[in-house]
Amino acid sequence: MACAEIDLGEVPGFWKRRHLLTLEELTAEEITLILDKASIFRQAITEGQRKFSLLAGKTCVNLFFENSTRTRNSFALAARRLGADMLDFSASTSSLSKGETLIDTAKNIEAMGVDAMIVRHSTPGTPKLLADNLNCSVINAGDGPHEHPTQGLLDILTMRQRFGRIEGLTVALVGDIAHSRTARSNIWGLKKLGAHVIVCGPSTLVSVRWRELGVETSYSLDDILPRVDVLNLLRIQFERQSRRPFPSVREYALLYAMDNRRLARTKPHILILAPGPINRGVEVTPDVADGPQSAILDQVTNGVAVRMAVLWLLLGNR
Ligand code: CP
């Protein structure tokens, strides 16, 4: 396939980033810049332009120590669509099993001529640790419950596409806030761009300390439904819980599952998002997940565009 041309416009002088580790550390201008470039890539994808040579000669590696469907594959697709080589590292079959340290492993992979390392790990701070020890760019693809910056960006891009703005929107993050890196990245990004954010779920998963980040807390989805513009439904992360934080899944679903009965009490323009994977019937019923208010698969398409923008801004703009 021939490489397509694309006009990505100027990159302002304030953009100096080598790594993308958190949305906490980005300014509103930097977040808007990524969203603007991602919108251009999204338009190109929609028009069927799939192959560019913007990162020809660059090499990226996926270094994932936790499972992934969306993030891992969309980073691979994004890198390849930009013309970069993509190396896929498999932790379970690597020499980590022989006692090699994480930093030694990463340094050896980098020595093969890697320009960007995309890292997912269960321990918060792992991408930062690697960024401090490597010369290549490091992108956080999810570090435990800490942050998942590209997920935050793609969620925010999907909201901006629907409403044309973020400022003034009321966005509710519903579900397992305690274990959610997506919640943290959404909060940092949305607050910087002027949204009002509500975190909602059982009190065992929504500490009042979240208010320190400037968000409202709620334990009743039914109470907040009429005043929200966006519902971002977060998965209950059973794998990160030593004890179940509610009596039964059925009880959770009765109070927090987004179903048609609840949908009828929302604003007509309500936007339903979920970072995925979704537990159908727990956070959201299938008719709502697959219904006209849902942009869940659009989020996935935007994920490719956001990751193209991030890779290009970190590597192509040097
Ligand atoms: N949303 C998300 O991070 O999905 P994956 O775990 O499949 O990458």
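Each residue takes its place number in the sequence, starting with 1. Ligands are counted one by one from 1 in listed order, and the atoms in each one are counted from 1 as well.
Using a 4.0 Å heavy-atom cutoff, R120 is listed among the residues neighbouring ligand 1. At least one heavy atom of G276 sits less than 4.0 Å from an atom of ligand 1.
More than 12 heavy atoms of other residues, nucleotides or ligands sit less than 6.0 Å from atom CZ of R227. Within a 6.0 Å sphere centred on CD of E100, heavy atoms belonging to other residues, nucleotides or ligands number more than 12.
Considering only non-hydrogen protein atoms, atom 4 (O) of ligand 1 sits nearest to R70 NE, 3.0 Å. For atom 7 (O) of ligand 1, the nearest protein heavy atom (residue, atom name, distance) is T69 N, 2.7 Å.
P145 is not listed as a side-chain neighbour of R181, based on a closest heavy-atom distance of 4.5 Å or more. Between I236 and Y256 there is no side-chain heavy-atom pair separated by less than 4.5 Å.
When each atom of ligand 1 is checked for a heavy atom of P275 under 4.0 Å away, the hits are 1 (N). Which parts of ligand 1 touch T71 is read off a 4.0 Å heavy-atom cut-off, strictly below it: atoms 2 (C), 3 (O), 4 (O), 5 (P), 8 (O). Close contacts of ligand 1 with Q151, meaning ligand atoms under 4.0 Å from a residue heavy atom, involve 1 (N), 2 (C), 3 (O).
Criterion: ILVMFWY side-chain heavy atoms under 4.5 Å apart, direct or through other members. Under it, L130 and L315 are not part of a common hydrophobic cluster.
Where the criterion is an N or O separation shorter than 3.5 Å, residue side chain and backbone included, R72 fails it with respect to ligand 1. Where the criterion is an N or O separation shorter than 3.5 Å, residue side chain and backbone included, P277 fails it with respect to ligand 1.
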Just do the side chain to side chain donor-acceptor pair (under 3.5 Å) check on H121 and E66 with the steps written out, would you? CA-CA 6 Å; H121 201 284; E66 283 188 333; over 6 Å; no
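Panel note: side chain E30, backbone L26; no donor-acceptor pair is recorded below 3.5 Å.
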